[in-house]
Amino acid sequence: DVQLQASGGGLVQAGDSLRLSCVASGFTFNGYTIGWFRQAPGKEREGVSCISISNGRTYNTDYADSVQGRYTISSEPAKNTVYLQMKSLKQEDTAVYSCAAAPWSPGTGCRPYYHAMSYWGKGTQVTVSS
């Protein structure tokens, strides 16, 4: 069974940090682009960050303008896990965060895969209070 599980969300104050984890089971992240998405109430889902992984290495990362400089995406291939480190959180970061994965073709960026994700995990709630 292919599964993705996002975790690490919670209730924090503005300015705090959180680290989200996305763990895969039933497949490995090798050869995949992994994206983090978020959806706030009443808003469309948006791609937040992505990373491509091949042979244990990361090949590209990308960030939405709204999180550039505050979020960092990384991977730990041995644990089949992708992380999203979030710092200086703002109230507008409040959303359900989900991870997804799509087979990746070397030589391409990761953002184009936002609309072609094959596997999705259940989200984790991030709530930032003032």
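Values in this document were obtained by computation on a predicted structure and should not be read as measured data.
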Same hydrophobic cluster for Leu84 and Phe37, using side-chain heavy-atom links shorter than 4.5 Å among ILVMFWY? no

Quick check: is Tyr113 connected to Val82 through a chain of hydrophobic side chains (ILVMFWY, heavy atoms under 4.5 Å apart)? no

So, for Ser75 and Ile53, which heavy atoms are closest and what is the spacing to 0.1 Å? CB-CD1, 3.5 Å

Check: Thr94/Glu92 side-chain N/O donor and acceptor closer than 3.5 Å: no

If two hydrophobic side chains count as joined below 4.5 Å and joins carry through other members, does Met86 share a cluster with Tyr63? yes

Can you confirm if the aromatic rings of Tyr119 and Phe27 lie within a centre distance of less than 6.0 Å? yes

Could you tell me whether Arg38 sits above the aromatic face of Tyr97, with NZ or CZ closer than 6.0 angstrom to the six-membered ring centre and within 45 degrees of the axis? no

Please answer whether the main-chain N or O of Arg111 pairs with a side-chain N or O of Asp62 as donor and acceptor at a distance below 3.5 Å. no

Counterpart residues, ring pair (Phe, Tyr, Trp, His ring centres under 6.0 Å), relative to Tyr71 (two or more places apart): none

Tell me whether Asn80 contacts the main-chain N or O of Ala24 through its side chain, where contact means a donor paired with an acceptor under 3.5 Å. yes

Between Asp16 (side chain only) and Lys87 (backbone N and O only), is there a donor and an acceptor less than 3.5 Å apart? no

Name the one of Thr61, Thr33, Thr58 that satisfies side-chain hydrogen bond (donor to acceptor under 3.5 Å, both in side chains) with Ser52? Thr33

Counting N and O atoms only, with roles assigned by atom type, does the side chain of Thr124 sit under 3.5 Å from a partner on the main chain of Gly9, one being a donor and the other an acceptor? yes

Whether the Ser21 and Ser7 side chains hold a donor-acceptor pair (N or O, under 3.5 Å, no angle test) is what I'd like checked. no

Run the numbers on Glu76 and Ser74 for side chain to side chain donor-acceptor pair (under 3.5 Å), then give the verdict. CA-CA 7 Å; Glu76 192 169 357; Ser74 62; over 6 Å; no

Exercise: do Ser49 and Trp36 side chains pair donor with acceptor under 3.5 Å: no

Nearest non-hydrogen partners of Gly123 and Ser98, listed with the distance: CA-OG, 3.4 Å

Just by modelled atom types, is the Ala40 backbone N or O under 3.5 Å from a matching donor or acceptor in the Arg45 side chain? no

Do the side chains of Asp93 and Arg70 get close enough for a salt bridge, i.e. N-O under 4.0 angstrom? yes

State which residues pass side-chain contact (heavy atoms from CB on, under 4.5 Å) with Gln5; sequence neighbours excluded, sorted by chain then number. none

Member of Cys22, Ser54, Pro77 meeting the side-chain contact (heavy atoms from CB on, under 4.5 Å) criterion with Phe29: Cys22

